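Everything on this sheet refers to the single structure shown next.
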2 protein chains.
Amino acid sequence: MAVTIRDVAEASGVHVSTVSRAFSAPHLVNPETRTRVLAIAEDLGYRPNRAARALTTGRTHNIGLIVADIANPFFPPLIKAAQAQARLRDYHVFVADTDEDPQVEEDLIQTLTKQVDGVLLCSPRLTNRTIERLREEVPFVVVNRRAKGLPTVLMDVGRGARLAVEHLTALGHRRIALVTGPSGSWTSKEMQEAAATMSDVDVVFLGPNPPTELGGLAAATDVIASGATGVLAYNDLVAIGLIEGLAERGKNVPGDVSVIGVDDIVPGRLSRPKLTTIAMPTAAAGRIAVDLLLQSVDSAATAAATMLETALIVRESTGKAHR
Amino acid sequence: MAVTIRDVAEASGVHVSTVSRAFSAPHLVNPETRTRVLAIAEDLGYRPNRAARALTTGRTHNIGLIVADIANPFFPPLIKAAQAQARLRDYHVFVADTDEDPQVEEDLIQTLTKQVDGVLLCSPRLTNRTIERLREEVPFVVVNRRAKGLPTVLMDVGRGARLAVEHLTALGHRRIALVTGPSGSWTSKEMQEAAATMSDVDVVFLGPNPPTELGGLAAATDVIASGATGVLAYNDLVAIGLIEGLAERGKNVPGDVSVIGVDDIVPGRLSRPKLTTIAMPTAAAGRIAVDLLLQSVDSAATAAATMLETALIVRESTGKAHR
DNA sequence: ATGAAAGCGCTAACAT
DNA sequence: ATGTTAGCGCTTTCAT
């Protein structure tokens, strides 16, 4: 078995409680004793057992991070940042993938709850009602979805969409298609609302579509039929698929049609033409969400929504409108 | 506080140990009692505290998964698969990102070790010596790196490289450049060794290079200077960067030069031309690594190396050689 | 400043 | 088949 607090106590000739204090309440122990105990602990390679500690303190120093799909390029930067931030605060993170299944999501929360001090829900597929119920068991922070009464981290896609449409109109496009996402998506709704308020431009809504390349690919015919010369797609994957679909039908991007995506995922930077996109601050979202979570762990939860800025990144998939 | 085993015991009028048995040793308890206890537990919303259980059993039912960089597109499919497999076995997984820093990696292992039954090391940056030392503390399975004495999951890039070179020679290429990766990389070494044994073809080695787009971009001049018409790149990112670098210098892919990558990451499928590549079975690796780890948790570790097959995926970045 | 004792939630001998 | 007891590694009163 590994070295325990008792081993350290015996080796230093003090009681276990003194060793305990040497670590977690330094001011309560004689400085000399403390340094001696710490030295011996170091020597023996002692590391406190965090799980055992949690049993009495009620703090596991773990958090759960639940996402719909780890392999979706949108999430890894968020996971990475959340993990790094947690580590900074001396927290470990359980990462779990729900495979887009609400039932799995609920199960995961249930089994995780005893082992964590809080859970980060990223783009949850659960109903608000279920979340409402589960929050009794463990503190939540929700990312990328509006959940009233809960601390929330949102990214301002509404403003992003407006930026995108303005960019398009500035390039001379007068008819713009919004290729929407899944019907339940908060992001998609935000984009639609923002686009609907724009003047000086015709916006047609095409959707709902699956949030994937295939969704974009399939939307190409509708886009062409719509007569739009500028397109704002639900996300980068859809945009990339759309560009391919347009190419298959003889339409060049940005020559014939300009396309803008949302997210700024890696493949968008790497595909040709390089994708003009609305950058979502996923890393910042991960970092801030962790801080909010740890905050709401030891004080009352502030149920505020934090809105993060998005930015338009102009690359190669948008250009001047031609007559 | 949440509902504990004691609450269930009181509510069902039995002793806690009976409740415990109802869950973890069903055959030792009267079927009737068992169903009653289980019903009441369900009713109360009781979930055993796994951390507390671990204290006596020595099994945490957690594993650690340590990777160099979560955001590197190579890893997410592996993480996803590992996580899914772990869940299947009723295990939770801590995911940690070392940011390519060996020191962070060691720290992480140290602090994680008490909370997990084993650790999956993916493309570790630690020296073999350090790994050798740490294995005393916790069972390891190593992925994507040879570590003798430890259970290991490898992907057969050597064979992949041979397949790639054969594909190129079949297309008429007689002079092939191998754009290598970082000097310490096992994968890069394997590829070089495999390529060196090929006959009927000139292979020139260009490197070492950083394993990124930038690395590929920078390698373009050397590739052109080498006179090679076919290129095997260290990985897809390098291949994509290289294709861009070649384009900047007026060389078309696959018209003038054929390029093959390694990994089969998402951006490779999405970039233009679509990348011909050696597919690495990362999902399978994650799944198998988890099984090996859980296996070596409760029996003696089988220090064998498992070698997984790779496959050539021909897409658009390779074509006939021209004179 | 330190020791003694109780207890966190659970399992595992040992009794009965 | 079930209850009793001890104990996992640690923290936290309560004494001294």
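Since this is a predicted model, take the numbers as computed values, not measurements. The sequence lines fix the lettering, A, B, ..., with proteins before strands; numbering per chain opens at 1.
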Could you check how far CZ of A/R59 sits from C1' of D/dT12, rounded to whole Å? 16 Å
Contact nearer the 5' end of DNA chain D, comparing B/A52 with B/G13: B/G13
Would you mind reporting whether B/F23 and B/L38 have side-chain heavy atoms less than 4.5 Å apart? yes
Measure the distance from CG on B/D7 to C1' on C/dG9 and round it to the nearest whole Å. 11 Å
Nearest heavy atom decides the nucleotide; on that basis, is B/V19 or A/V16 closer to the 5' end of DNA chain C? A/V16
Compare every heavy atom of B/D97 with every heavy atom of B/V104, then report the nearest pair and how far apart it is. CG1-O, 4.2 Å
Provide, to the nearest angstrom, the distance between the CG atom belonging to B/L55 and the P atom belonging to C/dC10. 12 Å
Heavy-atom side-chain contact between B/N62 and B/D117 under 4.5 Å: no
Find the distance A/K114:NZ to C/dC8:P and express it as a whole number of Å. 15 Å
In whole angstroms, how far is the P atom of C/dG9 from the NE2 atom of B/H61? 21 Å
How close do B/R146 and B/W186 get, counting heavy atoms only, and between which atoms? CB-NE1, 3.9 Å
Can you confirm whether B/N49 sits close enough to B/T4 that some side-chain heavy atom of one is under 4.5 Å from a side-chain heavy atom of the other? no
Could you please name the option among C/dT2, D/dC10, C/dC10 that lies closest to any side-chain atom of A/I5? D/dC10
Could B/R47 and A/E137 be called an ion pair, given the rule that one side-chain N must be under 4.0 Å from one carboxylate O? no
Rounded to whole Å, please give me the gap between CZ in B/R50 and C1' in D/dC8. 18 Å
Compare the minimum distances between each of C/dC10, D/dT2, C/dT2 and the side chain of B/R53, then state the nucleotide with the smallest one. C/dC10
For C/dC8 and B/T4 - does any side-chain N or O of the residue sit under 4.0 Å from the phosphate oxygens OP1/OP2? no
Determine whether A/E105 and A/P124 make a side-chain contact, defined as any pair of heavy atoms from C-beta on separated by less than 4.5 Å. yes
Distance check needed: D/dG9 P versus A/E10 CD, whole Å only. 12 Å
N/O (side chain, A/H15) to phosphate O (OP1/OP2, C/dA4) under 4.0 Å: yes
Name the nucleic acid region contacted by B/T18, choosing base, sugar-phosphate or nothing; use a 4.0 angstrom heavy-atom cut-off, strictly under. sugar-phosphate
Inter-end axis angle, the helix from C/dA1-D/dT16 to C/dT16-D/dA1, with every axis fitted to five base pairs (rounded, 10 degrees): 40°
I need the full list of side chain to side chain donor-acceptor pair (under 3.5 Å) pairs touching residues 118-132 of chain A, with sequence neighbours left out, sorted by first then second residue. A/E100-A/R125, A/S123-A/N144, A/T127-A/T130, A/N128-A/R145, A/E132-A/R135
Could you identify which residues of residues 20-45 of chain A place a heavy atom less than 4.0 Å from some atom of DNA chain D, listed by residue number, or say none? A/S20, A/R21, A/S24
Step by step, would you call B/D90 with B/R50 a salt bridge (charged side-chain N to carboxylate O under 4.0 Å, His left out)? CA-CA 11 Å; B/D90 195 28; B/R50 301 168 139 231; 2.6 Å; yes
